[in-house]
Asker: 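My structure is below; once you've seen it, I'll send some questions.
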Amino acid sequence: MTTWTEDELTRIGSAEELEIASRRTDGTLRTPRTIWVVRVGGDLYVRSVNGVTSDWYRGTRTSHEGRVDAGGATRDVALVDVGAETAEQVDAAYRAKYRRYAASIIDAITSPTAREATIKLVPAGTTRG
């Protein structure tokens with residue numbers, strides 16, 4: 001199984017924003033979206049603040065694969081759904097990393113709606129960057 005390198009975890013996990021493009025069934029990538037990313041231990045997570053009905057999140061349902069670009073690192077990834085067991089840790093990571101933003105923004109990204117659309121980024125393929 002492919003894993004993140006420490007360099008990738010640091011570069012992507014500390015980036016302010018991440019570009020994510022999900023892969024269509026024909027293998028092409030959708031238009032990238034800019035979102036927030038957090039690191040919890042050796043894992044990286046993203047969320048849709050608008051929940052499972054947002055366009056970019058629905059696009060991830062097709063193949064559960066995509067590409068991320070952040071901090072100068074680009075990586076093909078599997079987009080893995082996560083359950084409630086990680087919600088508290090991911091919430092805490094969002095609160096800590098983005099604490100300088102208004103409370104209403106942090107409340108939105110840690111809301112039940114956003115929690116429902118949490119994705120773990122699992123490295124796949126080769127590293128670029």
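Not measured: the values here are computed from a predicted model.
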Asker: Test your reading of the model: is there a side-chain donor-acceptor pair from Gln89 to the backbone of Thr86, 3.5 Å cut-off?
Answerer: no
Asker: Counting only N and O atoms by type, is there a donor-acceptor contact under 3.5 Å from the side chain of Ser54 to the main-chain atoms of Asn50?
Answerer: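 No, Ser54 side chain to Asn50 backbone: no donor-acceptor pair under 3.5 Å.
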Asker: Heavy atoms, side chains only, cut-off 4.5 Å: are Ile12 and Leu18 in contact?
Answerer: yes
Asker: Applying side-chain contact (heavy atoms from CB on, under 4.5 Å), name anything that partners Glu19, two or more places apart in sequence or on another chain.
Answerer: Pro32, Thr34, Asp69
Asker: What pairs of residues pass the salt bridge (Lys or Arg N to Asp or Glu O under 4.0 Å) test when at least one of them lies in residues 96-109, not counting sequence neighbours?
Answerer: Glu16-Arg100
Asker: If you look at every heavy atom in Ala117 and Gly51, which pair is closest and at what distance?
Answerer: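 Minimum heavy-atom contact is CB-C, 3.6 Å.
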Asker: I need the single residue from Leu29, Ile20, Val77 that forms a side-chain contact (heavy atoms from CB on, under 4.5 Å) with Arg67. Which is it?
Answerer: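 Answer to the side-chain contact (heavy atoms from CB on, under 4.5 Å) test with Arg67 among Leu29, Ile20, Val77: Leu29.
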Asker: Say you draw a straight line from OG of Ser48 to CD1 of Ile109; how long is it, rounded to the nearest 0.5 Å?
Answerer: 7.5 Å
Asker: Which residue pairs pass the salt bridge (Lys or Arg N to Asp or Glu O under 4.0 Å) test when at least one of the two sits in residues 81-90, sequence neighbours left out?
Answerer: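 Checked against salt bridge (Lys or Arg N to Asp or Glu O under 4.0 Å) - neighbours excluded - the pairs reaching residues 81-90 are Arg61-Asp81.
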Asker: Grouping I, L, V, M, F, W and Y whenever their side-chain heavy atoms are under 4.5 Å apart, do Ile35 and Val80 come out in a common cluster?
Answerer: no
Asker: Does the side chain of Ile119 come within less than 4.5 Å of Val82's, by heavy atoms?
Answerer: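 Sidechains of Ile119 and Val82: no contact.
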Asker: Between Trp4 and Arg11, is there a cation-pi geometry (under 6.0 Å to ring centre, at most 45° from the normal)?
Answerer: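 Checked: cation-pi criterion not met.
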Asker: Going by ring-ring contact (aromatic ring centres under 6.0 Å, His included), name the pairs with one or both residues in residues 33-83, residues two or more places apart or in two chains.
Answerer: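 Every ring-ring contact (aromatic ring centres under 6.0 Å, His included) pair that includes a residue of residues 33-83, provided the two are not neighbours, is Trp36-Tyr98, Trp36-Tyr101.
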Asker: Check for a donor-acceptor pair, side chain of Ser22 on one end and backbone N or O of Gly59 on the other, with a separation under 3.5 Å.
Answerer: yes
Asker: A side-chain contact here means heavy atoms from C-beta on lying under 4.5 Å apart; do Leu9 and Leu44 qualify?
Answerer: yes
Asker: Is there a side-chain contact between Leu79 and Leu121, using heavy atoms and a 4.5 Å cut-off?
Answerer: yes
Asker: Name all pairs fulfilling the salt bridge (Lys or Arg N to Asp or Glu O under 4.0 Å) condition that reach into residues 25-42, sequence neighbours left out, sorted by first residue then second.
Answerer: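 Sorted result for residues 25-42: Glu6-Arg39.
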Asker: Would a distance-only check, ignoring hydrogens and angles, find a side-chain to backbone donor-acceptor pair under 3.5 Å from Thr28 to Arg24?
Answerer: no
Asker: Quick check: is Val49 connected to Ile106 through a chain of hydrophobic side chains (ILVMFWY, heavy atoms under 4.5 Å apart)?
Answerer: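 The answer is yes; both residues are in one hydrophobic cluster.
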Asker: Suppose we screen for side-chain hydrogen bond (donor to acceptor under 3.5 Å, both in side chains). Which residues come up paired with Asp91, at least two apart in sequence or across chains?
Answerer: Arg47, Arg115
